[in-house]
Amino acid sequence: MNLTGSLKTKVVIIGGGPAGLTAAIYAARALLEPIVIEGYFAGGQLTITTDVENYPGFAQPVQGPKLVSDMREQALRYGARFITQDVDSIDFSSRPFLLKTESSTIEAQSLIIATGAKAKMLGLDSETRLIGRGVSTCATCDGFFYKNKKVIVVGGGDAALEEASFLTRFADQVTIVHRRDTFRASKIMVSRAQANAKIKFAMDTVVEEILDRGQGVVSGIMLKNVKTGVQEERDCDGVFIAIGHEPNSKLFDGKLDLDPQGYIMTSAMDAKTSTAVEGVFACGDVQDPIYRQAVTAAASGCMAAIDAQHYLEYGSASSSSKRGPATESKSLLGSILGWLGKWRSPL
Ligand SMILES: Cc1cc2nc3c(=O)[nH]c(=O)nc-3n(C[C@H](O)[C@H](O)[C@H](O)COP(=O)(O)OP(=O)(O)OC[C@H]3O[C@@H](n4cnc5c(N)ncnc54)[C@H](O)[C@@H]3O)c2cc1C
């Protein structure tokens, strides 16, 4: 059911990927009655992949869409409510915060932002059609599928060279396709790649088309040398697009602290997930330029929900109010053990 109209809640979670859904599970089980504004891209990035082999708890590969739809089901079970629209505007200056979507206005005492990120793409139809079927944007996620295969990495920055080096653990041959004659990447990364016998280079070259030759999975690539105009068709099993990522943070530009790439900066206040605005927390890929994994997104979603819960209960996201007594009881325990140790030592 899609909620509409004027609504009020303790916590609104923006985003329906692993980060937002995990935050929803925790917030719902803490009786915060979360409203999840999951956006038109409900489920997030995992909905466009097939086998996920590295999410803990699944001895067999789980399909990306199934994994997120089960997370959503789990959040629903504990009382999370959903709006399948994008947030159009947020008033960060009002208390409660005021959010608007196409058909609802929501007042929220706290906010958890989990709007994710997207990999920059080349803009080819074949690339969109074959994503998860040989086209990938994540070597950590998919490299394992390319044992003894041939892959292409597209890009010229540090990330592309790092992905290429990582892929040589699995693939027999990795070709880096770069549109210029020099790399943007650091010298050390370039030297490492050049010293790796498995890595080949196609410089001054762009991707014209990714080919499946009617098989529904990547089987080749059409390249073009930008200086000579010569086209070349090559066989390959996978194409990794490594031309950067873009966090979905435009909505927060000028309102929260963003880094130069647009990632939301967290740990601004008293907790790991807190942003520059009190009561606003961020988790998942929108604040993570490094790990970008489902499990790290989910983990930070859990942290954001706990931080929001502390903020709502104690007016601060810090758990120090809880740590005090725990530390005291630990030190009391320490004293008792110390005393016991002394008492026992003569024996
Ligand atoms: C093809 C592919 C394969 C992958 N494979 C793996 C893998 O095997 N293992 C792994 O661990 N990771 C994998 N990843 C990475 C993983 O999917 C991401 O790290 C993870 O999804 C990040 O979760 P997130 O919740 O932060 O954001 P996302 O999954 O990006 O979700 C973002 C959510 O925010 C919503 N949103 C955005 N803007 C708005 C707005 N204005 N209003 C409302 N909602 C909004 C979207 O609708 C979406 O629901 C893969 C990624 C891709 C692209």
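Remember, it's 1-based here, ligands and their atoms both numbered in the order they're listed. The model shown is predicted, which means the values in this text are computed figures rather than measured ones.
With Ile83 as reference, Leu7 is the one residue of Val36, Val12, Thr4, Leu7 to meet the side chain to side chain contact (heavy atoms under 4.5 Å, CB included) rule.
Donor-acceptor pairing under 3.5 Å is recorded for the side chains of Gln85 and Ser103. Side-chain N/O atoms of Ser165 and Thr168 include no donor and acceptor closer than 3.5 Å. Side-chain contact, Asp158 with Ser186: a donor N or O sits under 3.5 Å from an acceptor N or O.
Pairs passing the salt bridge (Lys or Arg N to Asp or Glu O under 4.0 Å) check and including a residue from residues 160-181, sequence neighbours excluded, read Asp181-Lys227.
Looking only at distances, no side-chain donor or acceptor of Glu313 sits under 3.5 Å from a matching main-chain atom of His310. A side-chain donor-acceptor contact under 3.5 Å links Ser267 to the backbone of Lys272.
Across Gly44, Gly17, Pro18, heavy-atom proximity to atom 21 (O) of ligand 1 is greatest for Pro18. The residue from Thr137, Asp142, Thr140, Asp285 that puts a heavy atom closest to atom 53 (C) of ligand 1 is Thr137. For atom 5 (N) of ligand 1, the choice among Cys141, Cys283, Ala294, Gly301 with the nearest heavy atom turns out to be Cys141. Taking each of Gly132, Gly16, Gly39 in turn, the one with a heavy atom nearest to atom 33 (C) of ligand 1 proves to be Gly16.
The closest protein non-hydrogen atom to atom 27 (O) of ligand 1 is Gly116 CA, 3.2 Å. Protein heavy atom closest to atom 41 (N) of ligand 1, with residue, atom name and distance, is Val87 O, 3.4 Å. Taking atom 15 (C) of ligand 1 as the reference point, the nearest protein heavy-atom neighbour is Arg292 O, 3.6 Å. Summary of contacts: the protein heavy atom closest to atom 47 (O) of ligand 1 is Glu38 O, 2.7 Å. For atom 9 (N) of ligand 1, the nearest protein heavy atom (residue, atom name, distance) is Asn54 OD1, 2.9 Å. The protein non-hydrogen atom at the shortest distance from atom 2 (C) of ligand 1 is Thr49 CB, 3.9 Å. In this structure, atom 39 (C) of ligand 1 lies nearest to the protein heavy atom Thr115 CG2, 3.7 Å. Distance from atom 25 (O) of ligand 1 to its nearest protein heavy atom, with residue and atom name: Ala19 N, 2.9 Å.
The pair Glu38-Arg72 meets the salt-bridge criterion, with a side-chain N (NZ, NE, NH1 or NH2) lying under 4.0 Å from an Asp/Glu carboxylate O. The pair Glu232-Arg234 meets the salt-bridge criterion, with a side-chain N (NZ, NE, NH1 or NH2) lying under 4.0 Å from an Asp/Glu carboxylate O. Look at Asp70 and Lys66 and you find a salt bridge, because one of the NZ, NE, NH1 or NH2 atoms lies within 4.0 Å of a carboxylate O, short of that distance. For the pair Arg213 and Glu233, the salt-bridge criterion is met [side-chain N within less than 4.0 Å of a carboxylate O].
To the nearest 0.5 Å, atoms OG1 (Thr275) and NZ (Lys255) are separated by 13.0 Å.
Those atoms of ligand 1 with a heavy atom of Ala297 less than 4.0 angstrom away are 22 (C), 23 (O), 26 (O). For ligand 1, the atoms lying closer than 4.0 Å to a non-hydrogen atom of Gly284 are 26 (O). Heavy-atom contacts of Ile37 reach the following atoms of ligand 1: 43 (C), 44 (N) (cutoff under 4.0 Å). Remark: ligand 1 atoms within the under-4.0 Å shell around heavy atoms of Ala114 are 32 (C), 33 (C), 34 (O). Near Phe41, meaning under 4.0 Å from any of its heavy atoms, are these atoms of ligand 1: 46 (C), 47 (O), 48 (C), 49 (O).
Residue-level proximity to ligand 1 for Gln45 is carried by backbone and side chain together, each with a heavy atom below 4.0 angstrom. The part of Ala117 lying near ligand 1 is the backbone, judged by heavy-atom distances below 4.0 Å. Proximity of Leu21 to ligand 1, defined as any heavy-atom pair under 4.0 Å, is not found for any part of the residue. Contacts with ligand 1 closer than 4.0 Å are made by heavy atoms of both the backbone and the side chain of Gln293. Looking at Asp86 against ligand 1, both its backbone and its side chain come within 4.0 Å, counting heavy atoms.
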Please tabulate, one pair per line, all N/O donor-acceptor pairs under 3.5 Å involving side-chain atoms of residues 114-121, not counting sequence neighbours.
residue : atom : partner : partner atom : Å
Thr115  : OG1  : Asn248  : O            : 2.8
Lys118  : NZ   : Asn248  : OD1          : 2.7

